[in-house]
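To keep things clear, I will list the structure first and then write my remarks on it.
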Amino acid sequence: MIKIGLTHQGCSNERLFREERLEPVHVKRPAMPPLEEFISCLEAIWDSRVLTNCGPFHEQFERELAEFLGVEHLALFCNGTIGLVTALQALRVAGEVITTPYSFVATTHALLWNGLTPVFVDIDPVTFSIDPKKIEEAITPRTTSILPVHTYGIPCDFEAIQRIADIYGLKVIYDAAHAFGVRDSGGSILRHGDLSVLSFHATKVFHTFEGGAIICPDAKTKQRIDYLKNFGFADEVTVVAPGINGKMNEFQAAYGVVALKHYGTWHASCSAVSHRYRELLTGVSGIRLLNVPEKLEWNYAYFPILVEDGYPLTRDDLYYKLRREGIHARRYFYPLISEFPMYRGFESAKLEHLPRAYEVSRKVLCLPMFAELPIDVVESICRLIAEG
Ligand SMILES: *Cc1c(COP(=O)(O)O)cnc(C)c1O
């Protein structure tokens, strides 16, 4: 068993400070700011009694987050899944939506909750995101949109996707749940497509316990999304759509304001963890690492490895070996979404149409990756992997 002394930065709970705790290492451990900083926000909320419905912290977080991300317009949400459901409503998406089987189930659950038909297309073996070359042959007269995922925060081939969307008159909604803070040479990758949806779930690189946001191109679209996330209310007596309750509350928003100030520090730690993994795992026979484009400002959200045929153990053998040592790596994404009972009846869900996604799902293992992961634990994990 690998012994880990995890430090609890800024946590005033005395129990957690006792020397070192020996505990398993999970794939994610949420970064948290010093509790005192959040308590002063709680005091303000207690005084104002504004708990939700787009109060002052909501307004502040929305503004500061847009600035931080380098986008013009965004609407905060209670979580990413409701953000996805609402994004599809906002664009009045209908019929068939082309998407990826290699993602978290929320991506396509959002389609079923809107009565839409997912059409699965295989992934690119390098980016692990939807393969644009396969999109055209999946288009039918009922196709209205494409729902790609920036898997692990690596941008999709957005130029190729947009080209197809423009030719066929399709909308593009990005599930950008992994893409917080990612920038390419043109700026935030959240600028792509018609809408992008973020998640601030506790397991993501930036979190508000639960939370999410839709990034949209103009104030008019944001207005419509803001109506939709508040039951469709445009004013006290006017309801313009069958909206949902998707509002982020003041506690989440206040936490977001505080956490955003610390994101730079956490990002630097994640970068150090990721680089150490890369140094130690490069050249280990049978282990393939994620391809990160050189000029990308990435967020180090995940550290996936592919356990290839040249490795002495199978992926699952390695997964269980690490577990026995207290290292809880995760098989993200396995099984494929298209293998679950509510999807496998669709023609496009047949595994013979999705050979690359199938192969990656059987080889992938996401190693622990979070800001407070000690470098010596990274080294121990790499030793275990290298010895086979
Ligand atoms: C986390 C995640 C979601 C869902 O976000 P929640 O905020 O947990 O509802 C959607 N899609 C992907 C790819 C995710 O990883």
Side-chain angles (χ1 to χ4, degrees), residues 26-30 61 65 74-89 97-114 116 118 120-121 123-124 127-130 145-156 172-182 189-190 192-193 195-215 225 229 244-249 251-253 255-256 259 290 298-304 330-338 340 342-343 357 360-361 364 366 369-370:
H26 292 281
V27 75
K28 286 284 170 184
R29 187 164 193 275
F61 184 42
L65 183 61
L74 68 81
L76 296 172
F77 273 79
C78 55
N79 63 55
T81 305
I82 295 292
L84 281 170
V85 168
T86 309
L88 294 160
Q89 284 277 326
V97 178
I98 292 173
T99 190
T100 171
Y102 190 73
S103 182
F104 181 61
V105 286
T107 306
T108 53
H109 281 358
L111 297 174
L112 295 197
W113 273 75
N114 276 296
L116 302 166
F120 295 105
V121 160
I123 59 170
D124 176 289
T127 64
F128 304 137
S129 291
I130 196 166
S145 308
I146 310 171
L147 176 59
V149 180
H150 296 300
T151 315
Y152 307 130
I154 304 296
C156 296
V172 183
I173 298 121
Y174 281 103
D175 180 337
H178 300 180
F180 183 89
V182 178
I189 68 166
L190 303 170
H192 300 306
L195 297 174
S196 289
V197 182
L198 287 171
S199 164
F200 309 138
H201 182 257
T203 55
K204 307 299 203 255
V205 271
F206 176 83
H207 77 90
T208 57
F209 315 141
E210 295 266 5
I214 302 182
I215 287 75
I225 290 167
K229 79 176 189 191
I244 199 161
N245 183 357
K247 301 183 302 292
M248 175 180 276
N249 68 46
F251 295 82
Q252 291 169 287
Y255 183 85
L290 180 66
W298 188 39
N299 59 10
Y300 310 99
Y302 297 91
F303 202 94
R330 292 293 295 271
R331 292 165 288 187
Y332 292 145
F333 294 103
Y334 161 83
L336 295 174
I337 297 179
S338 46
F340 292 120
M342 63 297 301
Y343 296 103
V360 173
S361 74
V364 74
C366 281
M369 179 73 234
F370 50 87

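This is a predicted model, so every value here is computed, not measured. Just so you know, ligand 1 is whichever comes first in the structure, and atom 1 is the first atom listed for that ligand.
- With contacts defined as side-chain heavy-atom distances shorter than 4.5 Å, the pair Y174/H192 qualifies.
- Judged by the shortest distance from any of its heavy atoms, E210 lies outside the 4.0 Å radius around the atoms of ligand 1.
- Near G80, the atoms of ligand 1 lying under 4.0 angstrom from a non-hydrogen atom of the residue are 5 (O), 6 (P), 7 (O), 9 (O).
- Heavy atoms of A110 come nearer than 4.0 angstrom to ligand 1 in no pair at all.
- Of the possible polar contacts, one joining the K28 side chain to the M369 backbone as a donor-acceptor pair under 3.5 Å is found.
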Could you walk me through whether T151 and Y102 pass the side-chain hydrogen bond (donor to acceptor under 3.5 Å, both in side chains) check?
CA-CA 8 Å; T151 315; Y102 190 73; over 6 Å; no
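- In terms of protein heavy-atom proximity, atom 3 (C) of ligand 1 is nearest to F104 CD2, 3.8 Å.
- Here the CZ-CZ distance, from F251 to F209, works out to 10.0 Å after rounding to the nearest 0.5 Å.
- Using a 4.0 angstrom heavy-atom cutoff, G212 does not count as in contact with ligand 1.
- Closest protein heavy atom to atom 5 (O) of ligand 1: S199 OG, 3.2 Å.
- Nearest non-hydrogen protein atom to atom 9 (O) of ligand 1 is T81 OG1, 2.5 Å.
- Ring pair F206/F200: centre-to-centre distance below 6.0 Å.
- Ligand 1 has a nitrogen or oxygen under 3.5 angstrom from a nitrogen or oxygen of D175.
- Within 6.0 Å of CZ on R330 lie no more than 12 heavy atoms contributed by other residues, nucleotides or ligands.
- From the protein, the heavy atom lying nearest to atom 2 (C) of ligand 1 is K204 NZ, 3.0 Å.
- Ranking protein heavy atoms by distance to atom 15 (O) of ligand 1, first place goes to H178 NE2, 2.9 Å.
- The distance from the CD1 atom of I189 to the CZ atom of F180 is 12.0 Å, given to the nearest 0.5 Å.
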